[in-house]
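Reminder, nothing fancy here: chain letters follow the sequence lines and each chain counts from 1.
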Protein chains: 2
Amino acid sequence: MKVLSFILDRYKNRSYDSFMHTCARLLLGPHTSSTNLLRTIHKESTISVTIKDIAKLANVSHTTVSRCLNDSPMISDKTKEKVLKIAEELQYEVNSNARSLSTKKTGIIGVIYQQGLEDFGSSAYINALFLELRHALETLQLDTILVEAINPDTLASNTVRLIKQQKVDGFLLVHQQITEEDNRMLQEYDIPAIQIHFKPEYLDITTMDYYLTDNDHGGYLATKHLLERGAHKILTIACSPNIGEEYGYRTEGYRRALTEYDISIDDSLIFEIECEYIAAYDFIHEHIELIKTCDGIFAQADILAAAFIAALKEHGINVPQDMKIVGYDDSFYSILVPPFITTIHQPREEIITKACNRILDLTRSDSVDKSIKEQELIKPYLIIRESS
Amino acid sequence: MKVLSFILDRYKNRSYDSFMHTCARLLLGPHTSSTNLLRTIHKESTISVTIKDIAKLANVSHTTVSRCLNDSPMISDKTKEKVLKIAEELQYEVNSNARSLSTKKTGIIGVIYQQGLEDFGSSAYINALFLELRHALETLQLDTILVEAINPDTLASNTVRLIKQQKVDGFLLVHQQITEEDNRMLQEYDIPAIQIHFKPEYLDITTMDYYLTDNDHGGYLATKHLLERGAHKILTIACSPNIGEEYGYRTEGYRRALTEYDISIDDSLIFEIECEYIAAYDFIHEHIELIKTCDGIFAQADILAAAFIAALKEHGINVPQDMKIVGYDDSFYSILVPPFITTIHQPREEIITKACNRILDLTRSDSVDKSIKEQELIKPYLIIRESS
DNA sequence: GTGAAAGCGCTAACAG
DNA sequence: CTGTTAGCGCTTTCAC
């Protein structure tokens with residue numbers, strides 16, 4: 001009956017249920033191994049080690065163990081060392097639910113994205129953004145719950161749900177659909193949230209933390225580069241749909257560069273087409289007469305630039321000799337086929353680093369003044385390749 | 001002092017700390033609104049409604065409320081209705097940490113992916129897989145924690161960590177790097193895990209639940225289609241690196257189809273190249289003499305097929321007239337430029353649906369016999385477009 | 001049917 | 001510096 005006393009000892013303060021399970025098991029046969037018995041007792045078969053287990057072995061109270069694990073300054077180095085060693089040996093990991101219940105912190109960040117992302121022209125960019133985001137949070141020891149803004153079944157806001165269920169400490173919002181209600185909840189529960197990449201559609205962004213890209217600057221850089229390379233008559237083609245007006249800003253930058261170079265703006269050189277290869281391809285054929293009078297194209301997405309180059313070739317117009325082209329996004333389209341495309345690299349690395357560090361500060365440290373918002377428009381940069 | 005009695009009442013059984021905060025606040029001024037006071041009391045400013053709040057309003061015990069919310073059969077319809085109505089009015093959401101601590105269930109699935117996914121040739125496919133996976137889990141009311149298999153800093157297994165921290169109920173493994181140790185932990189803690197898409201490298205897959213794609217069948221379908229379209233001498237080009245031998249199986253299927261059509265297999269028609277547009281493009285030019293003697297190509301990735309078509313055109317070889325081509329993956333490459341590419345659609349929708357339903361069963365219901373593994377090789381299908 | 005009380009594993013308050 | 005005790009919000013047992 002050594003096993004029984006072991007069980008009784010370990011489960012002294014545990015539930016009736018546990019005990020009954022044990023008894024049942026013992027009746028089934030005394031030859032079951034103690035590990036198996038332990039597993040049977042807890043319904044979920046968990047045999048996790050707790051701070052009490054450590055406490056017993058270290059001959060201290062569980063409070064002391066808790067303090068050691070949290071590196072409290074009020075514990076002597078000696079005890080700390082002893083306790084941590086045992087914890088290490090038992091491969092202890094904290095039960096995050098218990099800790100969260102007590103501290104109201106989960107160590108989890110909610111990353112909210114746009115539904116229907118699959119259909120995006122820019123999804124390659126966004127996907128890269130997610131993976132790098134995940135990676136950055138990982139190095140900061142934060143887990144992420146990734147969800148769509150709105151539950152497609154219930155149509156309820158996932159942001160609100162996650163707040164109320166207390167599953168996350170903060171949010172990174174990679175969509176522009178944040179609603180008034182979401183925002184109210186964030187305020188009310190004082191949950192930090194940072195807007196990334198997308199500008200909210202329904203909300204005054206000046207009230208939030210954000211890291212966005214400076215699309216105006218991107219358009220400016222692209223156009224200025226074309227001008228520097230000797231182009232005089234420059235077309236620009238934006239994409240529709242225009243999420244968060246990003247293309248609008250790029251066109252603004254285009255205008256700004258032209259003005260700077262004393263070139264009057266001709267609105268008939270500004271187009272907007274579907275963000276698809278075929279659409280771009282057709283565009284060239286349809287507007288070939290106009291295009292023949294131009295010497296530069298600022299394509300506001302790489303996929304357009306790639307199609308333009310291919311289509312122009314069929315008309316005997318060579319890039320970059322006869323026509324300089326700059327794309328946007330620095331996506332794989334820009335390095336798919338030679339000539340590789342000169343393009344604008346969106347500063348997603350910088351956005352991610354800043355946003356992750358900020359959310360860490362906001363969720364972990366009390367000394368941050370949350371009322372002072374961090375708001376940055378981060379500048380993209382030019383990558384010169386062969387198309388210009 | 002109405003406010004004070006309200007506070008005292010609500011915080012009767014709460015911490016000293018809470019109370020001190022309240023008192024401090026009251027000293028600051030009696031004009032602070034009670035909502036603000038409540039917010040101040042809890043350090044984290046949370047003013048969540050709990051089952052006790054509901055209980056008080058409904059004049060029942062919090063136990064009863066709990067039972068109602070969990071739709072227990074031992075509660076009368078009348079009480080249930082009353083309680084649920086109040087819960088609805090208060091916009092109650094369960095505190096998931098408290099529930100999890102008590103039930104050992106979190107409602108969260110860990111989705112584990114491969115590090116360095118960014119570099120994958122097939123990443124577009126995998127990205128689509130993730131988004132659809134997330135969507136499917138969402139409709140099943142499951143949240144997902146998305147992490148890399150291994151923490152890049154500590155090099156510790158995230159699978160093990162999530163198990164021990166009790167953050168997840170189960171895993172969907174979208175990588176092939178599961179280790180012996182991971183597996184041992186899964187067994188020991190009896191956590192369900194399903195292998196998706198990728199075949200594990202270090203582990204005997206026959207011991208796990210899995211839903212993979214039948215690459216052999218894909219290769220077979222592609223080749224058979226080419227044969228049916230009249231091709232006799234068919235090249236196949238696989239990609240390196242060969243993750244989980246997927247290309248090996250596709251080539252097997254290619255062989256099987258040829259054999260079925262009594263065509264002897266010529267190993268010099270089987271190639272392996274980098275999964276890149278340029279590599280494929282160059283391949284055509286380098287092997288143009290051989291290619292001229294062939295009438296069909298089974299390109300084991302759409303991106304290869306796209307490059308082949310472009311390169312062949314430069315040699316005056318038109319697709320599909322002079323050469324039939326079938327790609328693989330049904331990715332956006334296959335519909336980028338005409339002629340659109342006949343391709344093999346990977347059954348990711350079916351994989352996702354099955355895997356998500358299975359993980360739900362495995363984590364929610366006790367009646368499932370976990371020792372019987374669900375193991376399916378799901379068949380991809382052919383999408384006929386213009387290249388064949 | 002319902003409620004009182006205990007317990008999940010942890011942190012925090014307070015007393016030594 | 002350390003231990004005792006209470007409490008986080010929920011589920012579960014057991015008594016009525």
Side-chain angles (χ1 to χ4, degrees), chain A residues 11-21 41-44 46 48-56 58-80 82-83 87 92-107 164-166, chain B residues 11-21 41-44 46 48-56 58-80 82-83 87 92-107 164-166:
Chain A
Y11 285 86
K12 209 159 32 197
N13 295 314
R14 301 202 187 178
S15 70
Y16 163 87
D17 206 39
S18 301
F19 187 69
M20 291 310 286
H21 271 265
I41 292 158
H42 266 229
K43 285 194 228 64
E44 304 314 325
T46 313
S48 305
V49 3
T50 72
I51 49 172
K52 285 193 180 165
D53 294 326
I54 299 176
K56 201 173 286 174
N59 259 313
V60 295
S61 72
H62 73 274
T63 314
T64 303
V65 175
S66 171
R67 291 200 181 102
C68 291
L69 292 169
N70 291 308
D71 202 24
S72 156
M74 46 160 82
I75 298 281
S76 77
D77 285 354
K78 210 173 120 208
T79 340
K80 223 177 242 182
K82 180 174 67 176
V83 168
Y92 171 84
E93 288 269 2
V94 70
N95 177 322
S96 63
N97 294 123
R99 174 178 283 175
S100 298
L101 182 58
S102 188
T103 61
K104 309 245 172 246
K105 289 281 177 213
T106 62
K164 291 204 159 195
Q165 293 184 345
Q166 314 198 29
Chain B
Y11 285 85
K12 208 161 30 197
N13 295 312
R14 301 202 185 176
S15 69
Y16 165 88
D17 205 38
S18 301
F19 187 69
M20 289 312 284
H21 270 265
I41 292 158
H42 267 231
K43 284 195 228 65
E44 304 313 325
T46 314
S48 305
V49 2
T50 73
I51 50 172
K52 285 192 181 167
D53 295 326
I54 299 177
K56 201 172 287 175
N59 258 312
V60 293
S61 72
H62 73 275
T63 314
T64 302
V65 175
S66 171
R67 291 199 178 104
C68 291
L69 293 169
N70 291 307
D71 201 24
S72 156
M74 48 160 81
I75 298 283
S76 76
D77 286 356
K78 211 174 120 205
T79 343
K80 223 176 242 180
K82 179 175 68 181
V83 167
Y92 170 83
E93 288 269 1
V94 70
N95 177 323
S96 64
N97 294 122
R99 174 178 282 175
S100 298
L101 182 58
S102 189
T103 61
K104 309 243 172 249
K105 289 282 176 211
T106 62
K164 292 205 158 196
Q165 294 185 344
Q166 312 196 32

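- In terms of phosphate contacts, Y92(A) brings no side-chain nitrogen or oxygen within less than 4.0 Å of OP1 or OP2 of dG9(C).
- Here the side chains of K82(A) and V60(A) are in contact, with some heavy-atom distance below 4.5 Å.
- Counting any heavy atom pair closer than 4.0 Å across all strands shown, S76(A) reaches sugar-phosphate atoms only and no base atom.
- In terms of phosphate contacts, T64(A) brings a side-chain nitrogen or oxygen within less than 4.0 Å of OP1 or OP2 of dG3(D).
- Listed pair T103(A) / dA12(C) fails the phosphate criterion, with no side-chain N or O lying under 4.0 Å from OP1 or OP2.
- The CG-C1' distance, from D71(A) to dC10(C), rounds to 17 Å in whole Å.
- Between the P atom of dG1(C) and the NZ atom of K82(B) lies a distance of 14 Å, rounded to the nearest Å.
- Using a 4.0 Å heavy-atom criterion, one finds that S100(A) contacts no nucleic acid atom at all.
- OP1 or OP2 of dG9(D) has not a single side-chain nitrogen or oxygen of T50(B) nearer than 4.0 Å.
- Residues T64(A) and S61(A) have side chains that bring a donor and an acceptor to within less than 3.5 angstrom of each other.
- Following rounding to the nearest Å, M74(A) (CE) and dA12(C) (C1') show an atom-to-atom distance of 9 Å.
- On a pure distance criterion of 3.5 Å, a polar donor-acceptor pair joins the side chain of T63(B) and the base of dA4(C).
- The nucleotide whose nearest atom lies closest to any side-chain atom of L101(A) is, among dG9(C), dT11(D), dC1(D), dG9(C).
- For the OP1/OP2 pair of dT2(C) and a distance below 4.0 Å, the side-chain nitrogens and oxygens of S61(B) include no atom meeting the criterion.
- Between dA4(C), dG7(D), dG3(D), one nucleotide has an atom nearer to the side chain of R67(B) than all others, and that is dA4(C).
- For the OP1/OP2 pair of dT11(C) and a distance below 4.0 Å, the side-chain nitrogens and oxygens of N70(A) include at least one atom meeting the criterion.
- Side-chain atoms of R99(B) stay outside donor-acceptor range of the base of dT12(D), with no qualifying N/O pair under 3.5 Å.
- Across dG1(C), dC10(D), dC10(C), the shortest atom-to-atom separation from the side chain of I51(A) is found for dC10(C).
- Remark: side-chain polar atoms of K104(A) are not paired, donor with acceptor, to backbone N or O of Q166(A) under 3.5 angstrom.
- Per the geometry, CG belonging to L69(A) stands 15 Å off C1' belonging to dA12(C), to the nearest Å.
- For V94(A), the listed nucleotide lying nearest its side chain is dC10(C); candidates were dT2(D), dC10(C), dC8(C).
- Rounded to a whole Å, the NZ atom of K78(A) is 12 Å from the P atom of dC1(D).
- Rounded to an integer number of Å, the gap from Q165(B) CD to dC8(C) P is 20 Å.
- No side-chain heavy atom of V94(A) sits under 4.5 Å from any side-chain heavy atom of L69(A).
- Using a 4.5 Å heavy-atom threshold, the side chains of N95(A) and L101(B) count as touching.
- One donor-acceptor pair, N or O on each side, does fall under 3.5 Å between the base of dT11(C) and the side chain of H62(A).
- In this structure, R99(A) and N70(A) have side chains that are in contact, with non-hydrogen atoms separated by less than 4.5 Å.
- Look at K104(A) and you'll find a side-chain N or O under 4.0 angstrom from OP1 or OP2 of dG9(D).
- One interatomic measurement links the two molecules: CD1 of I54(A) to C1' of dC10(C), which rounds to 12 Å at whole-angstrom precision.
- Atom CG of N97(A) is separated from atom P of dG7(D) by 22 Å (rounded to the nearest Å).
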